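A short worksheet on the structure shown next.
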Amino acid sequence: MNIFDHYLNKIILLLKQECNNNRIKLPSNLNNINVEIPPNKFNCDLSSNVALILSKINQQSPIDLGNYLKTILLKDEYIDEIDVVKPGFLNIKLKRIFWSNFVKQILYKPDEYGINRAEKKKSYLIEFVSANPTGPLHVGHCRGAILGDVLSNLLLFTKNQVTREYYVNDHGNQIIHFSNSVFLRIREILYKEKFPNDNVDLYPGEYLIEIANIIINNHKNVKFDNFHDVSEFLTEQSVLESLNMIKKNLKNLGINHDNFVSEKSIVLNKDVEKVVEKLNSKNFLYKGKISAPERKQSKNYQERDQLLFKSTDFGDDKDRALQKSDNSWTYFASDAAYHNNKLNRNFDVLINILGSDHTGYVKRITSVVEALSGEKNKLVCKVSQLVKLIKDGKPFKMSKRKGDYITVEDLISEVGKDATRFIMLNRSSDVELDFDFTKVKEKSKDNPVYYVQYCYARISSVFRNLKNKDISINDNVNLVYSPEEIKVLRKISEWPKCLEISSQKLEPHRLTTYLYELSSEFHSFWNLGKNDKTKRFINENNSITNEKLFFLKLIMIVVKSGMRILGVNTPEKM
RNA sequence: GCGCCCUUAGCUCAGUUGGAUAGAGCAACGGUUUUCUAAACCGUGGGUCGGUGGUUCGAAUCCAUCAGGGCGCGCCA
């Protein structure tokens with residue numbers, strides 16, 4: 001249960017009663033009234049702005065109104081005291097019996113904690129990674145991949161339906177260049193023909209040699225004399241082998257997609273023609289010219305009539321081309337077809353995770369989805385900003401042209417899956433992220449991954465050292481918690497709120513922040529036991545009180561489920 | 001020139017969707033281990049929330065505008 005929502009509802013109910021009895025006036029909109037986490041210094045459990053919101057309409061000062069509301073709220077069986085503070089906040093302190101019930105309630109249904117059953121559940125399609133099948137994943141793909149995966153976990157945890165999808169761009173010029181590169185590598189291996197290093201269209205990466213070797217070994221009877229003769233076969237095989245590499249990378253990152261949708265199959269199925277027809281019938285297409293880009297370098301731009309989609313109707317800067325000069329479809333056209341395909345599958349919400357280099361693409365694709373579906377926020381695009389790699393205090397850049405970029409494989413073998421996932425989510429996706437190899441590998445409190453894992457390991461060690469640990473929960477047990485323990489319980493009580501905001505805003509980085517804070521509260525409490533034996537978990541009889549046992553279990557539940565959503569392990573020993 | 005993102009302590013960043021005296025970590029300095037894991041804890045110092053104007057009981061948060069940084073900007077995918 002979310003105690004903040006719970007008390008907000010209680011307060012609103014009481015206000016309505018007071019209003020019916022003509023003792024106070026209420027505005028038509030009560031949405032601004034809230035019950036929040038109080039700032040740390042106040043030592044209370046809940047905080048509400050009711051008096052501030054209602055003071056105007058009731059023509060009373062917030063403090064006076066607050067004092068009146070206080071007398072009403074104190075009738076609640078679990079409210080211990082209320083302070084009316086400066087501008088007019090009500091700071092509410094709950095009785096110890098409340099915390100006793102709170103703990104028991106979670107332990108009755110540990111798997112349910114944090115899930116808002118009242119909330120409307122939706123079905124989501126999350127498209128993420130969708131890197132071109134022209135080689136293994138590199139660090140640049142990593143952040144978006146983890147973001148999409150954890151977002152999926154999060155929405156699933158809160159009982160929504162989620163489909164994880166990868167769009168395979170196995171069609172178009174890039175793929176031709178790619179399979180041509182594989183062809184030349186095959187020639188290099190078989191006939192010692194030198195691979196041309198000066199052609200910018202070709203893919204220079206070393207992994208192409210690997211792919212070439214696999215294809216040679218699997219198809220010994222195929223002759224690689226002329227690219228055009230084998231191009232179809234070779235493209236298929238090259239894409240297949242790249243996808244195998246990518247899937248292996250994803251697996252090592254702990255990511256599993258439900259679907260891989262092929263662009264080629266969309267094109268061959270004439271889905272592009274269908275979507276063009278659909279857009280045309282809705283009057284969103286026309287033949288016309290678009291202006292040259294405003295950038296200084298592009299001087300040799302030639303205007304010509306082409307088939308355009310009216311994305312400016314939806315707020316885009318310019319209308320967008322669907323056909324190239326050779327009358328083949330643009331990437332945008334086939335992507336429109338793919339999104340139409342998504343819409344036909346009847347999801348409530350579509351989410352695309354994109355890298356920052358695709359920001360310019362967001363408007364046209366949301367526009368076309370709006371045009372096709374008639375719904376404004378049907379497609380939500382989350383853009384994740386760049387990752388800056390740092391090693392030994394110095395940034396190091398990767399360059400795709402030279403083919404010497406850092407792969408996901410390098411990353412994982414260097415710092416491990418857990419640290420990679422946690423650190424990639426340690427910041428809001430809206431800001432650039434420093435990924436410092438030396439720091440991420442560090443095993444100390446400076447490294448948030450270990451800090452949270454260590455919290456779990458410490459709790460596990462208590463259970464290892466205990467003899468009697470199976471005390472069953474009982475309605476009649478009244479758990480009496482100390483102020484220090486209640487401090488930790490308050491943090492526990494914020495968990496459902498954290499989950500709710502994270503899933504509403506699609507911001508999983510809030511989980512890492514929360515887990516770090518919870519761990520910090522726990523470590524502080526742990527260290528109190530150094531000076532005060534009564535604060536230790538295991539007492540002289542090598543046993544544990546109900547309070548402490550349940551307290552530990554609670555923290556374990558939250559840390560474990562939080563880390564599960566992040567896809568990070570919680571080892572019992574460190 | 002246009003679009004998106006960012007600007008908060010010396011550094012890296014949170015900030016509960018407009019609230020209270022703005023919070024962490026790092027770095028600096030000082031302390032804590034006969035005791036459940038010191039991969040930890042406690043304390044001290046550190047701020048014009050990029051600038052300016054506006055909206056209101058109240059702004060880091062919303063609006064306008066300016067400045068600085070990042071990413072992108074024909075039919076490449």
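No experiment lies behind these values; they were computed from the predicted model shown. Heavy-atom basis, side chains included; hydrogens, waters and symmetry copies ignored.
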Nearest-nucleotide 5' precedence on RNA chain B, A:D434 against A:K86 | A:D434

B:U35 P sits how many Å from A:K535 NZ, rounded?
-> 19 Å

Going by modelled atom types, is there a donor-acceptor pair between the base of B:A77 and the side chain of A:N173 at under 3.5 Å?
-> no

In terms of ring plane angle, is the pair A:F332 and A:Y361 parallel, tilted or perpendicular, where the classes change at 30° and 60°?
-> perpendicular

Length of the CZ-P vector between A:F422 and B:U12, whole Å | 20 Å

Among A:K491, A:K497, A:R490, the one residue meeting side-chain hydrogen bond (donor to acceptor under 3.5 Å, both in side chains) with A:E494 | A:K491

A:K548 bridged to A:E485 by N-O distance under 4.0 Å = yes

Sugar-phosphate, base or nothing in reach of A:Y361, heavy atoms under 4.0 Å = base

Value in whole Å for how far the C1' atom of B:U17 lies from CZ of A:F4 = 15 Å

Using the rule for Phe, Tyr, His and the six-membered ring of Trp, do A:Y451 and B:A39 stack at under 5.5 Å and under 30°?
-> no

Tell which nucleotide pairs with B:A14, taking only Watson-Crick or G-U wobble pairs whose two distances are both under 3.5 angstrom.
-> none

Could you give the distance separating B:G68 and B:G50 at their P atoms, to the nearest angstrom?
-> 16 Å

NZ/A:K439: more than 12 non-hydrogen atoms of other groups inside 6.0 Å = no

Base-pairing assignment for B:G43 (Watson-Crick or G-U wobble, both under 3.5 Å) = B:C29

Between C1' of B:G25 and CG of A:D436, the distance in whole Å | 14 Å

Considering only the C1' atoms, how many Å lie between B:C62 and B:A24, rounded to the nearest integer?
-> 26 Å

Take A:K439 and A:D319, find for each the nucleotide of RNA chain B with the closest heavy atom, and name the residue whose nucleotide sits nearer the 5' end.
-> A:K439

Length of the line joining A:L515:CG and B:A14:P, which is rounded to integer Å | 16 Å

Determine the interplanar angle of the A:F525 and A:F551 rings, folded into 0 to 90°, and report it as parallel if under 30°, tilted if 30 to 60°, perpendicular if over 60°.
-> tilted

What is the distance from CG of A:N527 to P of B:C41, rounded to the nearest Å?
-> 7 Å

Whom does B:U7 pair with, Watson-Crick or G-U wobble, provided both distances fall under 3.5 Å?
-> B:A67

Is a donor-acceptor contact shorter than 3.5 angstrom present between the side chain of A:S47 and the base of B:A20?
-> yes

Length of the NZ-P vector between A:K573 and B:A39, whole Å | 16 Å

In whole angstrom, give me the gap between the P atoms of B:A22 and B:U37.
-> 40 Å

Donor-acceptor pair present, A:R304 side chain and B:C75 base, under 3.5 Å = yes

Taking a pair to mean Watson-Crick or G-U wobble geometry with both distances below 3.5 Å, B:G1 pairs with B:C73

Aromatic rings A:Y516 and A:Y451: how do their planes relate, parallel, tilted or perpendicular, breaks at 30° and 60°?
-> parallel

So what does A:E572 hit on the nucleic acid, given a heavy-atom distance under 4.0 Å: a base, only sugar-phosphate, or nothing?
-> base

B:G58 -> Watson-Crick or G-U wobble partner, both distances under 3.5 Å, gives none

Under-4.0 Å side-chain N/O to phosphate OP1/OP2 contact, A:R364 with B:C73 | no

With sugar-phosphate meaning primed atoms plus P, OP1 and OP2, does A:N91 contact a base, only sugar-phosphate, or nothing at under 4.0 Å between heavy atoms?
-> base

Starting at CG of A:L433 and ending at P of B:G70, how long is that distance when rounded to a whole Å?
-> 18 Å

